[in-house]
Amino acid sequence: MRLNKSKVRDSRISLLRTALVAGSALALPQTGFAQETVGATDPSDAAAQEIIVTGFRQSLEAALNVKRESISAVDAVVAEDMAKFPDQNLAESLQRIPGISIQRDGGEGRAITVRGLGAQFTRVRVNGLETIATSSDGASANRDRAFDFNVFASELFSSLVVHKTAEASLDEGSLGAVVDLNTGNPLTGKAGLSAVLNVQGSYNDLSDNVGPRVAGLLSWRNDAGTFGVNLSAAYSHTDTLETGNNTVRWAQAYFNSVNGTPCFYSNVGPTGGNPVNSGGGYRPSAACDAAALSFHARIPRYGVVEHDRRRLGLTGSIQFEPTDRTKLSIDGLYSSFKEDRAEQWLEVLARSNERRFNLVNPVYDDKGTMIAGTYDNTWVRTESYLRKSETEFYQFGATWDQDVTDTFRFTALGGFSQSNADIPVETTFAYDNRNANGFNFDYSDMKSPVLGYDLDVTNPANFQLAEIRDRPSYVKNQFKTAQLRTEWDMTEGFTVKAGAVWRRYDFRTQLFQRDTAACGANGTRDLILGQVTCSANVYGLPVSSDFSRLVELGDAGQPGGTTSSWLVADIDKAADYTNLYGRTAIEDLGNNRRVREETSGGYLQFDVKGEIFGLEFAGNAGMRYAHTKQTSTGYTAGVAATVERSYDDWLPAMNIAFYPRHDVIVRGAVAKVITRPSLGNLNPGGSVDGFNYRVTFGNPFLDPYRATNFDASVEWYFAPQALLSVAGFIKKIESFPVAGTYVATLPQLGLGRDVLGQSTPAYINYDPNQEYVVSSQVNGQGATLKGVEVALQLPFTFLPGLLSHTGFQGNATFIDSSADYQITGPAVSACTRNATTNACGLTGVSAIYNNTLLGVSEKAWNATLYYDDGKFSIRGSVSYRGPFSDATSATGNIFEGYGSYTSVDAAIRYKATEWLELSIDGNNLTDEYRYRTNDIYAQRNYENNHFGRTILFGARAKY
């Protein structure tokens, strides 16, 4: 029977769908040239060589077949059966693929890094349509091009396909990879009705909570195989904890006194005058100079973070093949992801308040870090924070595949997707004590410091309600896509592919504020309720137990001597008491922006296969053209600015695969690729940070990231279901936007006090001569990244007895990268005095620093050992990601990032009957801490926290 090529919308997706017939033999699909060259040489031997496998080994073999059949570099993760993805999270499944590492949020995988390039460099398609799904993390909402994989329940998908090399026919926009997420395909299932129900409980040992996880699928196909429908749904609710410590970076600053020696006097000059705790002139001394030039923790603190997450996902697909030449498909997907994130912190607010602190017995290390000491007259704060985030994603797409003749066919594809990431509530209540004595800190163990308070931090009488904040925000991403693909088999072994695409992407983010410090000027009434008169000792409202509660730190890895119980505001009661949500929200125009990108273009590609000097090969080469029209709108000091621009890219790509033996494939690829600039950097407006004294402006004229990628690999399929592969890659990034910084005052920038938040130190203590570090993005000179991937998949079928059902899957990636960044670093370690004030200069020095590309781990590996006999299976996995820098940092620090992270997971399955399976899964079994560092040279603690172990247990029924 003639192969119906109208069923081939994308070769990799088609191969996966062919492989995913539940319970079937997984012989190589007969749709590609590689099958003819690496399969059995004698057709009569085909039945004998067909190996029937089930369970986890089935999913590994299906993924291996996809890789083997492709001409370009492709990897895949495949569900072994309907609604049965091999991991609980899509990102955690992707980390099993060579070259992919993940970024975690609240203990879950959220974003991916491919071959060292971060999430913004990866394009994601759902059922063939490019899209973006965003949520919020521990710092802020995702307001960039990165795709958040934690938005979706993994049970909704049947496969993930990662395209590591470009083709002219593949959507542009990625320096790293294109990832395809594929939902179910009803025409690949059995005739009649099929149903799956999976019910699990999810237990976290740190929060000691159990939540439900339920997934189901219904699929129907007629006997003729011409019409099919499927529906799937998944719901989960988890309640987990995150406990640990945080510094919110380190900084240099002047203190009021050191070991009793005043650092400031009432007159300006080296001698005379009376000590003062504000204003005055600097009095030089070795003790005061050493303290000012050292780095101290800006907000040393321990805290508890609660994550309450609820996911609902729905998919639907209708497929109709009225003839062998025509296929129509309609796909829909809906996902709702809601999270309540509650944080409670006990902290010292050193940031911008050090001038009032009396420092006693400081201890310094050889890297200029103040690792221990005691603060008197310090600013103690307890902070209660609540963020309610709601992400809603939906997509609709339609595809028409048509064989016009035996040699010419086309695919018409169109669709719409939208992701709304809303944060209707982002609330903070701060209790302050601004003249506390006896706070001691010891960072000798940088990961687990001692933070002790000589103050009853559980007593409401020791605090005042000093600040209230609410910052709702809204992010919207929307895609509209229309695409036409054509294929013409001109001769045997030569196919011409051509296509056109139109895509419009709209992004918008809006932020609002209800921020109020209780007191402004002394002698005035408070700004919250107008009940108290502000003074030097009255800076907030009295705190009552009626709207407060106690927090117990629990297990945060804290050493003895650390204060582990404190008072915080009860968010709901405090909001009612202050009428916070009744206050008018003011739009934060400096952080509001819009971007519209309209892309149009097309491609021409030639696919060939044949022989050269007796060596079989297959390849493709072509050119892709992309015209980008971009419109950006932003605000500075309330004034809107809109900038339009357009640019063109010609993107050649070539892939080739040689088959020197039936079990060996040698691949090579070269391509020009682009990633469009970060959305935040395109903002023609800016914002002013009154806490860190920074001004940020965008640059709507940034060029895209442009690169030339070189790839080569060797794959040896030395046994059934087995693979040993080595791949090398080089990415020569020709255009790489980098941060540029300089120092200026607000008046020099044409800005005034009105651009500052009223609760910030810069507003309260406004000084027109205060210098700010101004940051913007400029087109840089580029960077280079190169690496090697090694992978091994090996079933131990050669072992006797039960051991023949075991196997191994593992890979390792090694990356070397280099880029130059302009950073405002620390003030020099030796004191350079101001001629007028005699103070040591603490203004940072801007310089060029060389480092790895942001987000790049030099080493990463994962390994899985499994047993699977079709009835019982068990597998254990270990994933390691090496340390990496993820930002250029601030407050004089040189880069910040994360330490190494190792995750240990396990899964057990028992097939009690043909229709019932029992399961137990364990994630993060070693309860690994996530350690974040500040300054790559000093390796100071940014944060160190853990999330507990998660155990899932349940049953799965199939009809």
Please determine, by modelled atom types, if [X] and [Y] share a side-chain donor-acceptor pair under 3.5 angstrom.
| X | Y | result |
| --- | --- | --- |
| S194 | S219 | no |
| N182 | S159 | yes |
| Y898 | S857 | no |
| S232 | T315 | yes |
| Q558 | N245 | no |
| T183 | N127 | yes |
| S317 | D331 | yes |
| Y203 | D208 | yes |

Should [X] and [Y] count as an ion pair when the cut-off is N to O under 4.0 Å?
| X | Y | value |
| --- | --- | --- |
| R310 | D308 | yes |
| R125 | D180 | yes |
| E339 | R387 | no |
| K911 | E917 | no |
| R909 | D921 | yes |
| R96 | D905 | yes |

Within a strict 4.5 Å, meaning less than it, do heavy atoms of the [X] and [Y] side chains meet?
| X | Y | result |
| --- | --- | --- |
| F947 | R930 | yes |
| N209 | N204 | no |
| I132 | F507 | no |
| Y866 | L60 | yes |
| K573 | R549 | no |
| L925 | I951 | yes |
| S919 | R956 | no |
| L160 | S93 | yes |

Original post:
Aromatic rings H237 and Y235: how do their planes relate, parallel, tilted or perpendicular, breaks at 30° and 60°?
Top reply: perpendicular

Original post:
How are the rings of H805 and Y867 set to each other: parallel, tilted or perpendicular (split at 30° and 60°)?
Top reply: perpendicular

Original post:
Is it true that a side-chain atom of T813 and a backbone atom of P98 form a donor plus acceptor pair closer than 3.5 Å?
Top reply: no

Original post:
Looking only at atom types and distance, does a side-chain atom of Q793 sit under 3.5 Å from a main-chain N or O of L64, one as donor and one as acceptor?
Top reply: no

Working to the nearest 0.5 angstrom, can you tell me the gap between [X] [atom1] and [Y] [atom2]?
| X | Y | atom1 | atom2 | answer |
| --- | --- | --- | --- | --- |
| N185 | N230 | CG | CG | 7.5 Å |
| K476 | S419 | NZ | OG | 11.0 Å |
| L217 | E155 | CG | CD | 11.0 Å |
| L333 | L129 | CG | CG | 11.0 Å |
| L386 | D340 | CG | CG | 6.0 Å |

Subject >> Pairs where residues 126-135 contributes a residue and the test salt bridge (Lys or Arg N to Asp or Glu O under 4.0 Å) is met, not counting sequence neighbours >> reply: R123-E130, E130-R503

**OP:** Only counting residues at least two apart or in another chain, list the ones meeting salt bridge (charged side-chain N to carboxylate O under 4.0 Å, His left out) with R469.
**Re:** E383, E467

Original post:
Which atom pair, heavy atoms only, marks the closest approach of N198 to A955?
Top reply: OD1-O, 3.1 Å

Subject >> Verdict with reasoning, V179 to I112, per side-chain contact (heavy atoms from CB on, under 4.5 Å) >> reply: CA-CA 10 Å; V179 178; I112 66 170; 4.1 Å; yes

**OP:** Please find out if less than 6.0 Å separates the ring center of Y394 from that of Y334.
**Re:** no

Original post:
Is it true that F152 and F393 have ring centroids separated by less than 6.0 Å?
Top reply: yes

Original post:
L197 and V214: side-chain contact (heavy atoms from CB on, under 4.5 Å), yes or no, with the steps?
Top reply: CA-CA 8 Å; L197 178 64; V214 182; 4.2 Å; yes

